[in-house]
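Encoded as structure tokens, the structure appears first; notes follow it.
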Amino acid sequence: MGRLVQCPVIFITVDHEVAHDLLRSDDFRVISVGWNLPKPLRWVAQHTDAGLLHPLQPPSLLSVEPPEHTRYRKLVSSVFTTRAVAALRDRVQDTANRLLDELGNDPGTVDVVERYCSQLPVAVIADILGVPEGDRREILEFGELAAPSLDFGLSWKQYRKVNRGLEGFNVWLAEHLRRLRRNPGDDLMSQLIEAADEGGRLNERELQATAGLVLAAGFETTVNLLGNGIKMLLEAPQHLETLGARPELWPNAVEEILRLESPVQLTGRIVRRDVDVAGTPVRRGDLAVIYLAGANRDPLVFEDPHRFDIERPNANKHLSFSGGRHFCLGAALARAEGEVGLRTFFERYPDARLAGTCARRDTRVLRGWSSLPVALGAARSAVNS
Ligand code: HEM
């Protein structure tokens, strides 16, 4: 197989080195649905555009390039600093403890995706972004409806569902921003609004798109990291035993989970000028699909790549957070949530086991479980670490 393979309409790569280089190359630009897609896909996108803020349409960070991208990203980074994220770790721990306390009163089998994996990231990101407690359920529903917005080839029914989610989210977000402007809190969203307003650095639509992406990107993906991690570890009791004896291995275990079950499976780039990629010529306007999850199993980089090995020395060489200009802005937070969220779950419920049929989400770009029935067993008391 070639390192960049031509298929009808698209090129695709699962080669780690090619993927790594394309993500950093200036000859490849992010997809901007309705604008720079190859013709047949552009036609579909233009005829199904509902005029809503969309993660793959400008002014979303994910679909713009410099100079706009630099401007938006600088603004978010000025608020989302390493220090601010490090300070969130305690909040992640408190939230995990609270959610697991609530599970403690529920002996028997529970769906851990519904009761834990979805609740933790939404509570954390909602705290950071000043979302009132009462709005969280609604946001989760919008997120679930809109999650397939990253996929191509939706059925009419799915497309309508996605638009309902995006529409609900757009209306809610505009009102939330108005509320915070009138009555700012000590949350990062209030700081983002203040930074955006200062000297008119972002207009209202740009601010909504940026804030909305941080909020949405912050939970749909992390839910899947937690669900994937719980399932993989329940199926590998030997790893749980090792982690119990050597908890310092948790960060590497999370990297290995991200590598093997990448919550974002792929991303795309549009060729900006005719170039040669690993011997394959591509032309301006072609679409290259970078299969992050495939590159994560490249045998030239990862020895015995399909094996789940929490001690793998180079597990963090995965591309699950992408690379280059668009490298995930929330990677540090996602890593903290994965580590604290999984460790706390297994410390509290060391006897947990799968107890029923697990169901996958029907999304294609995002990969995760929609339901994981787990018999929790006896709970241990909370350990704050
Ligand atoms: C396990 C969890 C997560 C995964 C796997 C993930 C993955 C990704 C990937 C693959 C991209 C880049 C896509 C591309 O290159 O086309 C990205 C971008 C982004 N992510 Fe994450 N993400 C996660 C969690 C988060 C969290 C918690 C936040 C926010 C708090 C977040 C915010 C963002 C933002 C704002 C971008 C756009 C960056 C840009 O385009 O400059 N992500 N993420």
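Fair warning: this is a prediction, and the values are worked out from it, not measured in the lab. Both ligands and their constituent atoms are indexed starting at 1 by order of listing.
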Does the side chain of [X] pick up a donor-acceptor pair with the side chain of [Y] at under 3.5 Å?
X: W172; Y: D135; value: yes
X: T221; Y: N224; value: no
X: Q93; Y: T344; value: yes
X: H69; Y: R325; value: no
X: Q208; Y: H176; value: no

Among all protein non-hydrogen atoms, which one is nearest to [atom], and what is the separation to 0.1 Å?
atom: atom 4 (C) of ligand 1; value: F321 CE2, 3.5 Å
atom: atom 13 (C) of ligand 1; value: L62 CD2, 3.7 Å
atom: atom 25 (C) of ligand 1; value: A217 O, 3.4 Å
atom: atom 21 (Fe) of ligand 1; value: C328 SG, 2.3 Å
atom: atom 28 (C) of ligand 1; value: G330 CA, 3.4 Å

Using a 4.0 Å cutoff against the non-hydrogen atoms of [X], which atoms of ligand 1 qualify?
X: R73; answer: 38 (C), 39 (C), 41 (O)
X: H69; answer: 39 (C), 40 (O), 41 (O)
X: L329; answer: 19 (C), 20 (N), 33 (C), 34 (C), 35 (C)
X: R269; answer: 14 (C), 15 (O), 16 (O)
X: A334; answer: 1 (C), 2 (C), 24 (C)
X: V214; answer: 29 (C)
X: I125; answer: 30 (C)

* Nearest neighbour of atom 15 (O) of ligand 1 from the list G323, S322, S60, P121, on a heavy-atom basis ->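 Residue with the shortest heavy-atom distance to the ligand atom: S322.
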* To do: Would you indicate which of L258, T221, V124, L88 comes nearest to atom 23 (C) of ligand 1 when only heavy atoms are counted?
  =>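 Minimum heavy-atom distance to atom 23 (C) of ligand 1 goes to T221.
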* Asked: More than 12 non-hydrogen atoms from neighbouring residues, nucleotides or ligands closer than 6.0 Å to CZ on R307, yes or no?
  ->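 More than 12 within 6.0 Å, yes.
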* For atom CD of E204, decide whether the heavy atoms of other residues, nucleotides or ligands shown that lie under 6.0 angstrom number more than 12. =>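 Yes, CD of E204 has more than 12 neighbouring heavy atoms, counting only those of other groups under 6.0 Å.
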* Which of parallel (below 30°), tilted (30 to 60°) and perpendicular (above 60°) describes F321 and F327? ->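 The rings of F321 and F327 stand perpendicular, inter-plane angle above 60°.
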* Only one of L300, L319, L292, D21 passes side chain to side chain contact (heavy atoms under 4.5 Å, CB included) with H16; say which it is. =>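 Exactly one pass, corresponding to L319.
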* Which bit of H326 gets closer than 4.0 Å to ligand 1, counting heavy atoms only: side chain, backbone, both or neither? ->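 The answer is both, backbone and side chain.
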* To do: For ligand 1, note which part of N224 has a heavy atom under 4.0 Å away: side chain, backbone, both or neither.
  =>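 Looking at N224 and ligand 1, no heavy atom falls under 4.0 Å.
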* Asked: Judged by atom type as modelled, is there a donor-acceptor pair below 3.5 Å linking the side chain of H239 to the main-chain atoms of F308?
  ->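 Looks like yes, one N/O pair under 3.5 Å.
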* Asked: Could you go step by step and tell me if R335 and E255 meet the salt bridge (charged side-chain N to carboxylate O under 4.0 Å, His left out) rule?
  -> CA-CA 8 Å; R335 286 180 159 127; E255 299 301 326; 2.7 Å; yes
* Asked: Which one of R73, E65, R269, R24 satisfies the side-chain hydrogen bond (donor to acceptor under 3.5 Å, both in side chains) criterion with H326?
  ->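 Looking at R73, E65, R269, R24, the match for H326 under the side-chain hydrogen bond (donor to acceptor under 3.5 Å, both in side chains) is E65.
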* Based purely on interatomic distance, does T267 place a nitrogen or oxygen under 3.5 Å from a nitrogen or oxygen of ligand 1? ->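 N/O-N/O distance below 3.5 Å exists for this pair.
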* Contact (N/O only, under 3.5 Å) between S320 and ligand 1 ->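 Not met; the criterion fails.
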Determine whether any heavy atom of [X] lies closer than 4.0 Å to an atom of ligand 1.
X: V30; value: no
X: F80; value: yes
X: R325; value: yes

* To do: Mind listing the closest non-hydrogen atom pair of P59 and E206 along with its distance?
  =>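 Scanning both residues, the minimum pair turns out to be CG-CA, 3.9 Å.
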